[in-house]
Amino acid sequence: PFSSVGDLIRGAENYNPWAEFLLGVCYMEGIGVQKNPKRAEELMRLSGRTGLVIAAVLQAQMMLSRGVPSPEEREELRLILYYHSFYHLKLITLRLLTAYTGIGGDQNKKWAADQAVKHYRGEDLYLDMARRSERLYAVAEKYSQGIPQLWRVVARMHSRYERMLKDRDPDLDYLVARLMEEGVYVKKDPKGALTLYKKASEAAHPAACAGAARCYRLGIGTVKNPVEAAAYEN
């Protein structure tokens, strides 16, 4: 186990992918160093390129949160989602979301819709491989146990991933709800859409909260209820 942020810095200087990943988390959270999202993303990129998929997850999420305006970045994101998605549940979902919305420049709505429904129904061929990634979080916890604040953050990541494997990623619930509401590529089911929006909202999913609010405000799958709409908007 690393016993200090200084250990992580020295490990990262010697190209240790676990040190790069954990130091990236420190920069992401401001643990022992000043918060620096750009540096965190750089470290996740270095670690992820060695095949450490849990670092690739964070890099992809950071790229999407800040936006990927250039063709080079869109291609990098596409490659991360393509090559790593079979090994982590979150990257499977991000690949489907980006393909459906066109974020990342590789839009294919029909394919994304078909795959999302299969995954939602438990027909995903890659789920067994995605389960293997859970062990990586356990290793990260072991390596970070000498830095309690960092260990707690990694333990939360581990816990979230275990819940996703047991149930479903809120991003997937949101995407399937959107398909049901729109009735494009799948049978229109406004009531089912609202149910999934509400379920994803339990994980504080912003877009799902907005979807549930829209359903209550417009009477999609339910009677109009401005009070409930306001609750999800807030």
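Positions are given from 1, in the same order as the sequence printed here.
- More than 12 heavy-atom neighbours from other residues, nucleotides or ligands sit within 6.0 angstrom of OH on Tyr137.
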(request) List the steps and the verdict of side-chain contact (heavy atoms from CB on, under 4.5 Å) for Ile80 and Met44. (result) CA-CA 12 Å; Ile80 291 170; Met44 294 306 170; over 6 Å; no
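- Side chain of Ser4 to main chain of Asp7: a donor-acceptor pair is present (N/O by atom type, distance under 3.5 Å, no hydrogens or angles).
- Salt bridge annotation for Glu29-Arg152: absent, with no cationic side-chain nitrogen under 4.0 angstrom from a carboxylate oxygen.
- Annotation: the span from Asp167 atom CG to Lys199 atom NZ amounts to 3.5 Å, rounded to 0.5 Å.
- Contact check on Asp114 versus Lys118 returns no salt bridge, with no Lys/Arg side-chain nitrogen under 4.0 Å from an Asp/Glu carboxylate oxygen.
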(request) Please assess Glu73 against Arg66 for the test salt bridge (charged side-chain N to carboxylate O under 4.0 Å, His left out), listing each intermediate value before the final yes or no. (result) CA-CA 11 Å; Glu73 286 190 320; Arg66 66 169 171 78; 2.7 Å; yes
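- For the atom pair OG (Ser47) and CG (Asn16), the distance works out to 8.5 Å, reported to the nearest 0.5 Å.
- A distance of 8.5 Å separates CD1 of Ile92 from CZ of Phe86, quoted to the nearest 0.5 Å.
- The existence of a salt bridge linking Glu20 and Arg49 is excluded, since no basic side-chain nitrogen approaches an acidic carboxylate oxygen closer than 4.0 Å.
- A distance of 9.0 Å separates CD of Gln59 from CG of Leu46, quoted to the nearest 0.5 Å.
- Around atom CH2 of Trp151, no more than 12 heavy atoms belonging to other residues, nucleotides or ligands sit under 6.0 Å away.
- In this structure, CG in Leu196 is found 4.0 Å from OH in Tyr120, a value given to the nearest 0.5 Å.
- Val53 is linked by a side chain to side chain contact (heavy atoms under 4.5 Å, CB included) to His84, Tyr87, His88, Leu91, Ser133, Leu136, counting only residues two or more places apart in sequence or in another chain.
- The distance from the OH atom of Tyr216 to the OG1 atom of Thr222 is 5.0 Å, given to the nearest 0.5 Å.
- Of the N and O atoms on the side chains of Thr93 and Asp171, not one donor lies less than 3.5 Å from an acceptor on the other residue.
- Lys109 NZ: more than 12 foreign heavy atoms inside a 6.0 Å radius.
- The residues Arg45 and Glu41 are annotated as salt-bridged, a charged nitrogen and a carboxylate oxygen being separated by less than 4.0 angstrom.
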(request) Evaluate the criterion salt bridge (charged side-chain N to carboxylate O under 4.0 Å, His left out) for residue pair Glu42 and Arg39; output intermediate values, then yes/no. (result) CA-CA 5 Å; Glu42 289 171 354; Arg39 179 61 177 149; 3.4 Å; yes
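- Defined by atom type and a distance below 3.5 Å, a donor-acceptor pair is present between the side-chain atoms of Tyr197 and Glu181.
- With a 4.5 Å cut-off on side-chain heavy atoms, Trp111 and Leu96 count as touching.
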